[in-house]
Amino acid sequence: MRMRRKKNLDARLNEASEYLISIEAQEKNTTLSKEIKNYLNIKEIFCNDNPLFLEIGCGKGGFACEFARQNPNINLLAVEKTANVIVTAAETAQKMELKNLRFVNCPAEYLSSYIKESSVERIFLNFSCPFPKKKYANHRLTAPRFLEIYKEILVENGEIHQKTDNMGLFEFSIENLSQNGFALKNISLNLHESDFEGNIMTEYEKRFTDLGQPIYRLEAVNKKF
């Protein structure tokens, strides 16, 4: 179901522009686009050399804003391809005056064209769309084509932290991460009944937890060499 365009979207995006990085891919073919490099100047964006983390599929920005608030010495780029959604996240960050958070409006397929290799220390995948039909498996954010992008932009021993309520996606992720050179650790089949500390709840997570559904979580370490 297509989301209705928000009223005054362009004006709202403009008003929150200091928190938004809009990317228009020069090459629509994702295979060819990888050859075009137009890296974001992260130091210029954040005015510091702090560690860089990335959230892919940030939605309305609940996790991103809270993480940035709790971790002022970490720079966070939160990626969301839908302008209709990312505008709410940017407005929230603006109200909270979060200087270590910016939102990137682009599909994940193009990230290696704009994020320099070996520059990201952690990637968050929070409640990504599971694309349950097998024919759409290549769209899942832990499909091999995305893992190749993550391997490129992550530092050696950089990590992917994934949370999902979907067991099928979780099993798919474990299989693909294992087969593509990532070392798995801290796997939880029921996050909220584990001893994990420091969890930041997302909007979806609150909904699923209230329904009594288990939350699956893992950490995957990028072993480059």
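Being a predicted model, the structure only gives us computed values, none of them experimental.
Looking at every heavy atom in both residues, N176 comes nearest to T142 through CB-O, 3.4 Å. Nearest approach of L169 to C129, heavy atoms of both residues: CD2-O, 4.5 Å. Scanning all heavy atoms of the two residues, the minimum distance from D165 to F127 falls at N-CE2, 3.6 Å. Taking every heavy atom of both residues into account, F170 and L189 meet most closely at CE2-CD2, 3.8 Å. Taking each heavy atom of L141 and Y150 in turn, the nearest pair found is O-OH, 2.7 Å. In terms of heavy atoms, F146 sits closest to H139 at CE1-O, 3.7 Å.
Hydrophobic clustering keeps L101 apart from I21 (ILVMFWY residues linked when any side-chain heavy atoms are closer than 4.5 Å, directly or through intermediates). In the hydrophobic clustering of this structure, I215 groups with F196; members are Ile, Leu, Val, Met, Phe, Trp, Tyr whose side-chain heavy atoms approach within less than 4.5 Å, directly or through other members. L76 and I160 are not part of a single hydrophobic cluster, where members link through side-chain heavy atoms under 4.5 Å apart. A continuous path of hydrophobic side-chain contacts links Y110 to L77 [ILVMFWY only; heavy atoms under 4.5 Å]. V104 and L9 are assigned to two separate hydrophobic clusters, defined by single-linkage of ILVMFWY side chains at heavy-atom distances under 4.5 Å.
Remark: the backbone N or O of Q162 is not paired with any side-chain donor or acceptor of R217 at under 3.5 angstrom. The closest donor-acceptor contact from the side chain of T82 to the backbone of N84 lies at 3.5 Å or more, if one exists at all. Remark: side-chain polar atoms of E193 are not paired, donor with acceptor, to backbone N or O of P214 under 3.5 angstrom. Looking only at distances, no side-chain donor or acceptor of Y39 sits under 3.5 Å from a matching main-chain atom of S112. Of the possible donor and acceptor atoms, none in the side chain of S17 sits under 3.5 Å from a partner among the backbone N and O of L20. Proximity of a side-chain donor or acceptor of N48 to a complementary backbone N or O of F46 within less than 3.5 Å is detected. Under the 3.5 Å distance criterion, the side-chain polar atoms of S119 are matched with a main-chain donor or acceptor of K116. The main-chain N or O of V85 is never found under 3.5 Å from a side-chain atom of E80 such that the two would form a donor-acceptor pair. The main-chain N or O of L218 is never found under 3.5 Å from a side-chain atom of K185 such that the two would form a donor-acceptor pair. Side-chain atoms of N41 come within 3.5 Å of backbone atoms of E44 as a donor-acceptor pair (strictly under, hydrogens ignored).
Rounding to the nearest 0.5 Å gives a distance of 10.5 Å between CG of L40 and OG of S113. To the nearest 0.5 Å, atoms CD1 (I56) and NZ (K81) are separated by 12.0 Å. Y216 contributes atom OH, which lies 10.5 Å from atom CD1 of I174 (distance to the nearest 0.5 angstrom). One distance of note links CG of N50 with CG of L52; it measures 10.0 Å at 0.5 Å rounding. Considering CZ of F182 and OG of S173, their distance stands at 11.0 Å, rounded to 0.5 Å. Rounding to the nearest 0.5 Å gives a distance of 12.5 Å between CG of L54 and CZ of R122.
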**Message:** One pair to check against side-chain contact (heavy atoms from CB on, under 4.5 Å): E219 and L184. What are the steps and the verdict?
**Reply:** CA-CA 6 Å; E219 297 174 12; L184 300 178; over 6 Å; no
**Message:** Is there a side-chain contact (heavy atoms from CB on, under 4.5 Å) between S118 and L154? Walk through the geometry before answering.
**Reply:** CA-CA 5 Å; S118 301; L154 278 169; over 6 Å; no
**Message:** salt bridge (Lys or Arg N to Asp or Glu O under 4.0 Å), that's the test. Do E66 and K60 meet it? Break it down for me.
**Reply:** CA-CA 12 Å; E66 182 58 22; K60 295 179 181 178; over 6 Å; no
**Request:** Give the C-alpha distance, both sets of side-chain angles, the deciding distance and a yes or no for side-chain contact (heavy atoms from CB on, under 4.5 Å) between V120 and F53.
**Result:** CA-CA 6 Å; V120 176; F53 285 21; 5.7 Å; no
**Request:** Dump the intermediate steps for side-chain contact (heavy atoms from CB on, under 4.5 Å) on F208 and K163, then the final yes or no.
**Result:** CA-CA 12 Å; F208 296 134; K163 289 195 291 185; over 6 Å; no
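Counting heavy atoms of neighbouring residues, nucleotides and ligands inside a 6.0 Å radius, atom OH of Y136 does not exceed 12 of them. Around the CD atom of E97, the shell of radius 6.0 Å holds no more than 12 heavy atoms that belong to other residues, nucleotides or ligands. Residue-environment remark: CE (M96) exceeds the threshold of 12 foreign heavy atoms within 6.0 Å.
Residues satisfying the side chain to side chain donor-acceptor pair (under 3.5 Å) test with K134, not counting sequence neighbours, are none.
A salt bridge does not link E18 with R102: none of the charged nitrogens is closer than 4.0 Å to a carboxylate oxygen. Using a 4.0 Å cut-off between a side-chain N of Lys or Arg and a carboxylate O of Asp or Glu, E91 and R12 qualify as a salt bridge.
Ring centers of F124 and F63: under 6.0 Å apart, within the cut-off.
Between the side chains of N157 and E121, no donor N or O sits under 3.5 Å from an acceptor N or O. Inspection of the E55 and N126 side chains reveals an N or O donor paired with an N or O acceptor under 3.5 Å. N100 and N71 form no side-chain donor-acceptor contact under 3.5 Å, judged by distance and modelled atom types alone.
Using a 4.5 Å heavy-atom cutoff, the side chains of E205 and N199 are in contact. A 4.5 Å side-chain heavy-atom check between I123 and E159 finds every atom pair outside the cut-off. Side chains of E117 and I153 form no contact here, defined as non-hydrogen atoms less than 4.5 Å apart.
The side-chain tip of R140 points at the ring of F172 from less than 6.0 angstrom away and within 45° of straight on.
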